[in-house]
Amino acid sequence: MPELPEVETVARALQRSIAGRRVLSVTLRMSDFIDDAGALERELPGRTIALVERYGKFMLLRLRRGGDADAANEALLVHLGMTGNLSPFSTEQPLHKHTHVILALDDGRELRYTDPRRFGRMAYLAGSALERELQRFGAEPLQVPERELAQRLQSSHARVKALLLDQRVLRGVGNIYADESLWSARIHPARIGSSLKDAEIRELHQALRKILRHAIRMRGSSISDFVDPEGIPGDYQRRHRAYGREGKECHRCATPIRRMIVAGRSTFYCPSCQRAPRPKGKAKRKAGRRTSKR
DNA sequence: CTCGATCCCTGGACGC
DNA sequence: TGCGTCCAGGGATCGA
C-alpha cells in the first residue's frame, strides 16, 4: 500500500543509503511496467544518483551525469504500486522471485526493484518530458495551504473521497489515509466537494497534516507486507481508526465502523461521527419517485 | 464533468 | 492436502 508516508519512508532510507552512488549497469528481467525500457537501459549507466526524493506517491531519483555539470535535469521515476520494493542488496543475496530490475552500483551493491503484482511503474525522464510529467499531479498534501485545498475540493461535484484519491487534486493520498483523514475530520466520504463548509475544510486540512506527519514518524503502515529498504515494517497500522476496522467500535463514539464502496474502493467510516449527505438520490421514502428533471 | 466497469497482476484468505 | 474462488487495490481507459 505505499502511499505518501510509506513512499516518504522509502525515499528517506534510499537517500541515506544510495545517494551519491553511480549506476554501472542495468539488468531488466521484466519490463512491461517501464514506460520506455530502451531509454532506461541506454541512459542510466554512468549516471550518478544525486538525490532521492518523494513526489506524491512517486520516488524521484534525481540523476547527474558523471563528469560535466548537469545539463538537462533528469530523473528515474519509480511508483511502487501496491507491492513494489526498491532496496539495495549485496550481490551475494539471492534474487527475490519477482525482482524485475537490477541496477549495479559503483560500491558493489545492487539496487533491486521487486514487485509481484507489477502495479508499479518506472520511467526515465529528462528535460521538458520530466517537467510535463510532474505537472500532471496536484498539490502536496503537506504543503498545500488551506485556501488552496478549499478551492480544489469545493470547486468539484465529485465525492470528497474520490477527490482525495485523485492524484491530480492532491498527490500522495491513497485509500488508507483518505479514510483516516475523513474519520478524523468527521466528514462522510460520500460528501460532495462543493458542499463542504469552510470549517470542514479546515478540519480536513489539519487532519491530513496531522495524520500524514504522524504516519511518517511511524514509518508508514504495514498492512500487506510493506517494509522499508532496511526491512523494517511501519507501525502506523496500529493507529488506524477507520481503515480495515469494519464492525469494530469507533474510537470516539463506540458505534461500529462501517464499510461501503466509494470511488470503487473499500471505504471505512463511522456512521455516527461522519454524517451521511442528503437522502443521496434514492428519495423513495415518501416523496413518491418523482425526480425533477430541471 | 463525474461515474462505474474493466483490466492489469499475484498472493493470501476462505470454503469444501 | 489441495484446489477453486474471491478479494485487495493504484491507475489507465472507455463508455454512459
Side-chain angles (χ1 to χ4, degrees), chain A residues 1-8 10 29-37 54-60 77-86 95-101 113-123 125 132-138 141 151-182 189-196 212 220-227 233-234 237 240 242-247 259-269 277-278 280-282 291 293-294:
Chain A
M1 324 270 91
E3 300 180 27
L4 189 154
E6 292 78 30
V7 180
E8 180 72 29
V10 174
R29 303 174 82 237
M30 185 154 293
S31 58
D32 58 358
F33 56 93
I34 302 175
D35 282 11
D36 182 348
R54 180 190 59 76
Y55 186 88
K57 292 180 195 170
F58 281 87
M59 271 184 299
L60 228 48
L77 269 69
V78 181
H79 194 300
L80 298 175
M82 293 289 297
T83 53
N85 180 287
L86 186 67
L95 242 43
H96 183 283
K97 181 180 172 186
H98 296 289
T99 297
H100 308 310
V101 178
Y113 179 72
T114 303
D115 185 3
R117 292 186 197 174
R118 304 214 297 284
F119 272 20
R121 193 189 141 203
M122 200 175 279
L125 291 171
R132 230 176 305 121
E133 177 65 19
L134 298 183
Q135 280 172 2
R136 293 175 47 215
F137 300 96
Q151 200 280 324
R152 285 174 177 271
L153 300 181
Q154 291 172 334
S155 63
S156 170
H157 283 153
R159 292 171 291 186
V160 64
K161 163 108 182 210
L163 292 170
L164 292 179
L165 292 180
D166 189 337
Q167 302 299 295
R168 297 167 301 183
V169 176
L170 284 183
R171 56 181 198 252
V173 177
N175 208 32
I176 295 174
Y177 298 101
D179 282 4
E180 293 301 310
S181 299
L182 291 170
R191 286 281 302 282
I192 301 301
S194 61
S195 81
L196 295 174
L212 293 174
S221 303
S222 287
I223 62 167
S224 52
D225 46 7
F226 169 77
V227 290
Q237 66 279 5
H240 291 177
Y243 184 84
R245 299 193 68 250
E246 182 179 17
R259 185 174 86 101
M260 66 186 293
I261 301 295
V262 178
R265 297 280 172 258
S266 275
T267 298
F268 301 88
Y269 68 103
R278 303 313 148 218
K280 264 191 10 181
K282 39 197 241 176
T291 320
K293 292 294 284 287
R294 80 188 341 274

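Below, chains carry the letters A, B, ... as their sequence lines are ordered, and counting in each starts from 1. These values consider heavy atoms only, across backbone and side chains, with no hydrogens, waters or symmetry-generated copies.
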Closest nucleotide among C/dG9, C/dG11, B/dT2 to the A/A158 side chain | B/dT2
Please state whether the phosphate of B/dT10, meaning OP1 or OP2, lies under 4.0 angstrom from any side-chain nitrogen or oxygen of A/K97.
-> no
State whether a side-chain donor-acceptor pair under 3.5 Å links A/S266 with A/R259.
-> yes
Under-3.5 Å donor-acceptor pair between A/R168 side chain and C/dG11 base | no
Compare all side-chain heavy atoms of A/T267 with those of A/D179 and state whether any distance is below 4.5 angstrom.
-> yes
Taking the six-membered ring for Trp, are A/H240 and A/Y243 parallel (under 30°), tilted (30 to 60°) or perpendicular (over 60°)?
-> perpendicular
Specify the closest pair of heavy atoms between A/G81 and A/P2, including all atoms of both residues, with the distance to one decimal.
-> O-CD, 3.3 Å
Is the phosphate of C/dG11, meaning OP1 or OP2, less than 4.0 Å from a side-chain N or O of A/H79?
-> yes
Is a donor-acceptor pair below 3.5 Å formed from side chain A/R121 to base C/dG10, judging by atom type as modelled?
-> no
Identify whether any heavy atom of A/R259 sits under 4.0 Å from a base atom; if not, whether one sits that close to sugar-phosphate; answer base, sugar-phosphate or nothing.
-> sugar-phosphate
Distance from A/I34 atom CD1 to A/Y113 atom OH, nearest 0.5 Å?
-> 9.0 Å
Assign the ring pair A/F33 / A/H100 to parallel, tilted or perpendicular, where the plane angle (0 to 90°) is split at 30° and 60°.
-> tilted
Side-chain N or O of A/H98 closer than 4.0 Å to phosphate OP1/OP2 of B/dG11 = yes
Starting at atom CG of A/D115, determine the distance to atom P of B/dC9, rounded to an integer number of angstrom.
-> 12 Å
A/D35 has an atom CG; how far is it from atom C1' of C/dG11, in whole Å?
-> 12 Å
Using a heavy-atom cut-off of under 4.0 Å over every strand shown, decide if A/R118 touches base, sugar-phosphate, or nothing.
-> sugar-phosphate
C/dG9, C/dG11, B/dT2: which one has an atom nearest the side-chain heavy atoms of A/S266?
-> C/dG9
Please work out if A/R136 contacts a base, only the sugar-phosphate, or nothing of the nucleic acid, heavy-atom cut-off 4.0 Å.
-> sugar-phosphate
Take atom CD of A/E3 and atom P of C/dG11, then tell me their distance rounded to the nearest Å.
-> 9 Å
Phosphate OP1/OP2 of B/dC9: any A/T83 side-chain N/O under 4.0 Å = no
Considering just the side-chain nitrogens and oxygens of A/R265, establish if one lies under 4.0 Å of OP1 or OP2 belonging to C/dG10.
-> yes
Whole angstrom is fine here: how far is it from CG in A/L163 over to P in C/dG11?
-> 15 Å
Can you find a side chain N or O atom of A/Q167 that sits less than 4.0 Å from OP1 or OP2 on C/dG11?
-> yes
A/E6 atom CD is separated from C/dG9 atom P, nearest whole Å, by 13 Å
Answer yes or no for this row: A/F119 ring on C/dG10 base, centroids under 5.5 Å, planes under 30°.
-> yes
Please report, rounded to the nearest Å, how far the P atom of B/dC8 is from the CE atom of A/M122.
-> 22 Å
Return no unless some side-chain N or O of A/Y243 is found under 4.0 Å from OP1 or OP2 of C/dG9.
-> yes
Grab the CZ-P distance between A/R117 and B/dG12 for me, whole Å please.
-> 9 Å
What's the CG-P distance between A/N175 and C/dA8, to the nearest Å?
-> 10 Å
